[in-house]
A.B. asks: 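Structure in structure tokens, see below.
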Number of protein chains: 2
Amino acid sequence: MSRSCKFAVAVHIASLLATSPGQALTSDWIAGSVNTNPVVVRRLLSALAKAGLVASSRGSNGGSTLARSPERISLLDIHRAVEADDGPALHHQPPNPACPVGRNIQSVLVRVMDRAEAAKEAVLATTTLAEVTGALAAAEK
Amino acid sequence: MSRSCKFAVAVHIASLLATSPGQALTSDWIAGSVNTNPVVVRRLLSALAKAGLVASSRGSNGGSTLARSPERISLLDIHRAVEADDGPALHHQPPNPACPVGRNIQSVLVRVMDRAEAAKEAVLATTTLAEVTGALAAAEK
DNA sequence: TGTAACTGTTACCGGTTCGATTACATAAAT
DNA sequence: ATTTATGTAATCGAACCGGTAACAGTTACA
């Protein structure tokens, strides 16, 4: 396993909540659909709750629901909630400031990589959770 | 150090080669500008050579040069050369096929994440190495 | 010819991230 | 009280990355 699949699982979780409106789902039940451990689900639910996308209640009959309607939750909201944003991945050690390339490459790279990341996020921003559940329903029939 | 900075270093290396046209640079010299180990540089040069972006000659007076002009090398070329493309990061374990969400979420996710990745790559594809070195020169004055 | 310079590749170490798992404190319904 | 949940910390194994040493192969040149 190479990269993080937190985003994929978080969208999965949010889709489950969106298709069970008004009903609180437990981390155990969600884990059964995702096919993973309930603690993994709770960690992601915790991140989604901190971002204000999900509300959880504890105790018996507890569980989680969406904090707002699926039309008003974008995949970028979910992505930002569960994946850390460390900015573009630059050199570990600062390049040689005595070299004309070395002393300027990072600022140039940041500009380009930020633009590329913004283009990616624009796609996620214009895709709503409601569109995802719509596509899920369309795939069923 | 969390993520890979291979792309950043590879663009750095390519910029050095682009600003020394016709002159073969050694991995030792390049490592001095990048501020890292020559083997790290050679690993990236090897990947760039396999992608046909760089030509290297061995032995005394050896070194590396660009295999084509900086105007005809895009940052996407460099990105594809040094960073593995594993496709979108989906679930480790396959989701539960007995669940309507679980059995369809991955195909829906692939469509969205592929679109997002394509948007990012479009930015890198329209940025040439020549533009990078132009920005480097502009930052100098 | 032989030596110095340079590439190409492998192997290994130390640090970090990730998912899975166990454990346990806390909270709420009945 | 007991049961059912969440919330969170700790730990484990696997994977990836950058740095480093080691070494084989190649080329220029004295």
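The basis for the numbers below is simple: all heavy atoms, side chains too, and nothing from hydrogens, waters or symmetry mates. Every chain is numbered from 1, with letters handed out A, B, ... down the list of sequences.
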A.B. asks: Relative to the 5' end of DNA chain C, which residue comes earlier, B/Ala49 or A/Val39, by the nucleotide with the nearest heavy atom?
C.D. replies: B/Ala49
A.B. asks: Before giving the answer on side chain to side chain contact (heavy atoms under 4.5 Å, CB included), spell out for A/Leu124 and B/Val112 the whole-Å C-alpha distance, their side-chain angles and the decisive distance to 0.1 Å.
C.D. replies: CA-CA 8 Å; A/Leu124 298 182; B/Val112 175; 4.1 Å; yes
A.B. asks: Are B/Val39 and B/Val82 joined in one hydrophobic group, where the rule is that I, L, V, M, F, W and Y side chains link up if heavy atoms are under 4.5 Å apart?
C.D. replies: no
A.B. asks: Hey, does the side chain of B/Thr26 come within less than 4.0 Å of C/dC6's phosphate (OP1/OP2), counting only N and O?
C.D. replies: no
A.B. asks: Could you measure the distance from the CD1 atom of A/Ile105 to the OG atom of B/Ser15? Nearest 0.5 Å is fine.
C.D. replies: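 Reported value, rounded in 0.5 Å steps: 4.0 Å.
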A.B. asks: I want to check one thing: is the phosphate of D/dT6, taken as OP1 and OP2, less than 4.0 Å away from some side-chain N or O of A/Ser27?
C.D. replies: yes
A.B. asks: Under 4.0 Å: is that the gap between some side-chain N or O of A/Ser4 and OP1 or OP2 of C/dG19?
C.D. replies: yes
A.B. asks: Using only side-chain N and O atoms of A/Ser46, determine if any of them is under 4.0 Å from OP1 or OP2 of D/dT8.
C.D. replies: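 Affirmative; the distance criterion is met.
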A.B. asks: Atom OG1 of A/Thr36 and atom CG of B/Asn96: how far apart are they, to the nearest 0.5 Å?
C.D. replies: 12.5 Å
A.B. asks: Does D/dC29 have its OP1 or OP2 closer than 4.0 Å to a side-chain nitrogen or oxygen of B/Asn61?
C.D. replies: yes
A.B. asks: Name the nucleic acid region contacted by A/Ser64, choosing base, sugar-phosphate or nothing; use a 4.0 angstrom heavy-atom cut-off, strictly under.
C.D. replies: nothing
A.B. asks: Counting side-chain heavy atoms from CB outward, which of C/dT21, D/dT8, D/dG7 is closest to A/Asn37?
C.D. replies: C/dT21
